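Presented below is the structure to which this report refers.
Quick caveat: nothing in here was measured; it's all calculated off a predicted structure.
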Amino acid sequence: MLYGLIGMPLGHSFSQKYFTEKFNNEHIDSEYNLYPLEHIEDVVNLMDSHPDLVGFNVTIPYKQQIIPFLDELDPEAAEVGAVNVVKISYVNGKRHLKGFNSDIYGFYNSIKPFIRPEVHHKALILGTGGASKAVRAMLAKLGLQYKFVSRSAKDGQFTYSQLNKEILDEYKVIVNCSPLGTFPNVDSCPDIPYEFITPDHLAFDLVYNPEETLFLRKAREHGAATKNGLEMLHLQAEGAWRYWNE
């Protein structure tokens with residue numbers, strides 16, 4: 001059986017290595033490939049040319065754009081409005097696509113041990129892409145209020161230029177959902193006032209390559225607890241495997 005990952009670009013992805021090792025270690029007769037797509041519409045040609053493809057992961061920038069191509073949406077994925085797992089099945093010879101979101105499970109279980117209820121009441125979500133939707137839902141489940149931070153002004157969210165000491169004193173969990181800092185662009189990071197980060201802060205980066213992004217290093221240098229996205233990747237990958245095989 002064939003599985004894979006769609007997105008653009010895919011040079012940063014660990015998914016192929018992760019699933020290849022899993023298949024080898026567990027003696028599973030399957031293959032996992034990377035499928036960089038210039039346009040989301042290309043997913044149709046991908047499936048047509050790979051009839052043995054039974055499931056694929058979805059990454060930046062297609063976690064929301066894939067939804068119109070689906071025949072069915074898992075309720076949790078529908079709630080957050082983003083999909084990172086697609087299961088392909090055939091009903092009476094007709095292809096049927098169902099979308100799931102395993103980022104939800106991965107993020108929740110990865111960040112939960114780091115939440116300190118006595119000081120962590122509010123969170124900043126850096127970026128507004130597909131992954132941020134799962135983060136938003138799970139922060140709410142953990143009892144945290146949240147605000148998105150974006151480059152453009154919009155009601156109910158901050159812009160990066162608005163962030164100051166007063167805001168960072170109030171919002172002590174900071175989650176980077178943007179691709180900034182991802183290899184090979186390791187010298188980039190979200191433009192936040194790191195000087196106002198304290199030991200009461202928690203900085204979580206969905207990026208996992210490199211192991212410590214510039215965002216995490218700057219936060220750590222000011223005493224914050226830090227966590228990268230590698231464990232979340234492993235958890236969401238195992239979640240994807242369960243969805244494909246349920």
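Using a 4.5 Å cut-off on side-chain heavy atoms (C-beta onward), Tyr208 and Phe14 make contact. Side-chain contact between Phe204 and Val135: absent, with no pair of heavy atoms (C-beta onward) separated by less than 4.5 Å. Under the 4.5 Å side-chain criterion, counting only non-hydrogen atoms from C-beta, Val58 is not in contact with Val43. You'll find the side chain of Asn33 reaches within 4.5 Å of the side chain of Gln16, heavy atoms only.
Every residue was checked against the side-chain hydrogen bond (donor to acceptor under 3.5 Å, both in side chains) condition with Ser89, not counting sequence neighbours, and none meets it. Qualifying salt bridge (Lys or Arg N to Asp or Glu O under 4.0 Å) partners for Lys17, counting only residues two or more places apart in sequence or in other chains: Glu21. In this view, Tyr62 satisfies the ring pair (Phe, Tyr, Trp, His ring centres under 6.0 Å) rule with no residue, not counting sequence neighbours. Scored by the ring pair (Phe, Tyr, Trp, His ring centres under 6.0 Å) test, Tyr35 finds His50 as partners (sequence neighbours excluded). For Glu231, the salt bridge (Lys or Arg N to Asp or Glu O under 4.0 Å) partners at least two apart in sequence or on another chain are Lys227.
Not one N or O on the side chain of His96 forms a donor-acceptor pair closer than 3.5 Å with the backbone of Glu72. At distances below 3.5 Å, at least one donor-acceptor pair connects side-chain atoms of Asn164 with backbone N or O atoms of Glu166. The closest donor-acceptor contact from the side chain of Asn45 to the backbone of Asp42 lies at 3.5 Å or more, if one exists at all. Side-chain N or O atoms of Asn228 include one that pairs as donor or acceptor with a backbone N or O of Glu211 at under 3.5 Å. Of the possible donor and acceptor atoms, none in the side chain of Thr159 sits under 3.5 Å from a partner among the backbone N and O of Ser152.
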For side-chain contact (heavy atoms from CB on, under 4.5 Å), just list the numbers for Leu124 and Leu163, CA-CA rounded to whole Å, side-chain angles, deciding distance to a tenth of an Å, and then say yes or no.
CA-CA 10 Å; Leu124 295 175; Leu163 299 182; 4.2 Å; yes
Just do the side-chain contact (heavy atoms from CB on, under 4.5 Å) check on Arg151 and Tyr160 with the steps written out, would you?
CA-CA 6 Å; Arg151 288 171 295 182; Tyr160 285 95; 4.2 Å; yes
Apply side-chain contact (heavy atoms from CB on, under 4.5 Å) to residues Lys133 and Gln64 and explain how you reach the verdict.
CA-CA 10 Å; Lys133 310 305 186 239; Gln64 294 165 281; 3.4 Å; yes
Go through it in stages, so that I can follow the logic: the residues are Leu97 and Met47, the test is side-chain contact (heavy atoms from CB on, under 4.5 Å), and I'd like the CA-CA distance, side-chain angles, deciding distance and then a yes or no.
CA-CA 11 Å; Leu97 305 182; Met47 292 184 293; 3.7 Å; yes
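At a threshold of 4.0 Å, the pair Asp200-Arg116 counts as salt-bridged, since one of the basic side-chain nitrogens sits closer than that to a carboxylate oxygen. With salt bridges taken as basic N to acidic carboxylate O contacts below 4.0 Å, one links Asp48 and Arg95.
For the pair Lys141 and Tyr108, the distance from NZ or CZ to the six-membered ring centre is under 6.0 Å and the angle to the ring normal is within 45 degrees.
Residues Met138 and Ile125 share a hydrophobic cluster, clusters being chains of Ile/Leu/Val/Met/Phe/Trp/Tyr side chains in contact below 4.5 Å. Cluster annotation: Leu230 and Leu206 are assigned to distinct hydrophobic clusters (Ile/Leu/Val/Met/Phe/Trp/Tyr, side-chain heavy-atom contacts under 4.5 Å, transitive). Hydrophobic clustering, with ILVMFWY side chains joined whenever heavy atoms are under 4.5 angstrom apart, keeps Leu180 apart from Val207. Note on Ile111: it does not cluster hydrophobically with Leu216, by side-chain heavy-atom contacts below 4.5 Å among ILVMFWY residues. Placement of Leu73 and Ile104 in two distinct hydrophobic clusters is found when ILVMFWY residues are connected by side-chain heavy-atom separations under 4.5 Å, directly or transitively.
Side chains of Ser15 and Asn57: a donor-acceptor N/O pair is absent below 3.5 angstrom, by distance only. Side-chain polar atoms of Ser102 and Asn84 form a donor-acceptor pair below 3.5 angstrom.
Lys122 NZ: more than 12 foreign heavy atoms inside a 6.0 Å radius. For Gln145, the CD atom counts as loosely surrounded, since its 6.0 Å shell holds 12 or fewer non-hydrogen atoms of other residues, nucleotides or ligands. Summarising the local packing, CD of Gln162 is surrounded by more than 12 heavy atoms from other residues, nucleotides or ligands at distances under 6.0 Å. Applying the 6.0 Å contact sphere to CD of Glu41 captures more than 12 heavy atoms from other residues, nucleotides or ligands. Counting non-hydrogen atoms of other residues, nucleotides and ligands closer than 6.0 Å to CD of Glu79 gives a total of 12 or fewer. Within 6.0 Å of CD in Glu195 there are more than 12 heavy atoms belonging to other residues, nucleotides or ligands.
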Please tabulate, for the side chains in residues 237-246, all donor-acceptor contacts under 3.5 angstrom to protein atoms that are two or more places apart in sequence or on a different chain.
from: Glu238; atom 1: OE1; to: Lys22; atom 2: NZ; distance (Å): 3.3
from: Glu238; atom 1: OE2; to: Tyr18; atom 2: OH; distance (Å): 2.8
from: Glu238; atom 1: OE2; to: Lys22; atom 2: NZ; distance (Å): 3.4
from: Trp244; atom 1: NE1; to: Val86; atom 2: O; distance (Å): 3.0
from: Asn245; atom 1: ND2; to: Trp241; atom 2: O; distance (Å): 2.8

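If you take CD1 on Ile174 and CZ on Phe215, they are separated by 5.5 Å, rounding to the nearest 0.5 Å. Rounded to the nearest 0.5 Å, atoms OH (Tyr3) and CZ (Phe23) are 6.0 Å apart. Expressed to the nearest 0.5 Å, how far CZ of Phe158 lies from CD1 of Ile192 amounts to 13.0 Å. Considering CG of Leu46 and CG of Leu37, their distance stands at 6.0 Å, rounded to 0.5 Å. For the atom pair CG of Asp205 and CG of Asn176, the computed distance is 4.0 Å after rounding to the nearest 0.5 Å. Atom CD1 of Ile28 sits about 8.0 Å away from atom CE of Met1, to the nearest 0.5 Å.
Annotation for Ala134 and Asp103: closest pair CB-CB, 3.8 Å, computed over non-hydrogen atoms. Minimum heavy-atom separation, Gln157 to Thr128: OE1-CG2, 4.1 Å. Pro210 and Phe183 get closest at one heavy-atom pair: CD-N, 3.8 Å. Residues Pro61 and Met8 share a closest heavy-atom pair of CD-O, 3.5 Å. Nearest heavy-atom pair across Pro51 and Tyr90 is O-OH, 4.0 Å. Across Ala77 and Gly99, no two heavy atoms sit closer than the pair CB-O, 4.0 Å.
A perpendicular orientation is assigned to the rings of Phe148 and Tyr146, their planes being inclined by more than 60° (bins at 30° and 60°).
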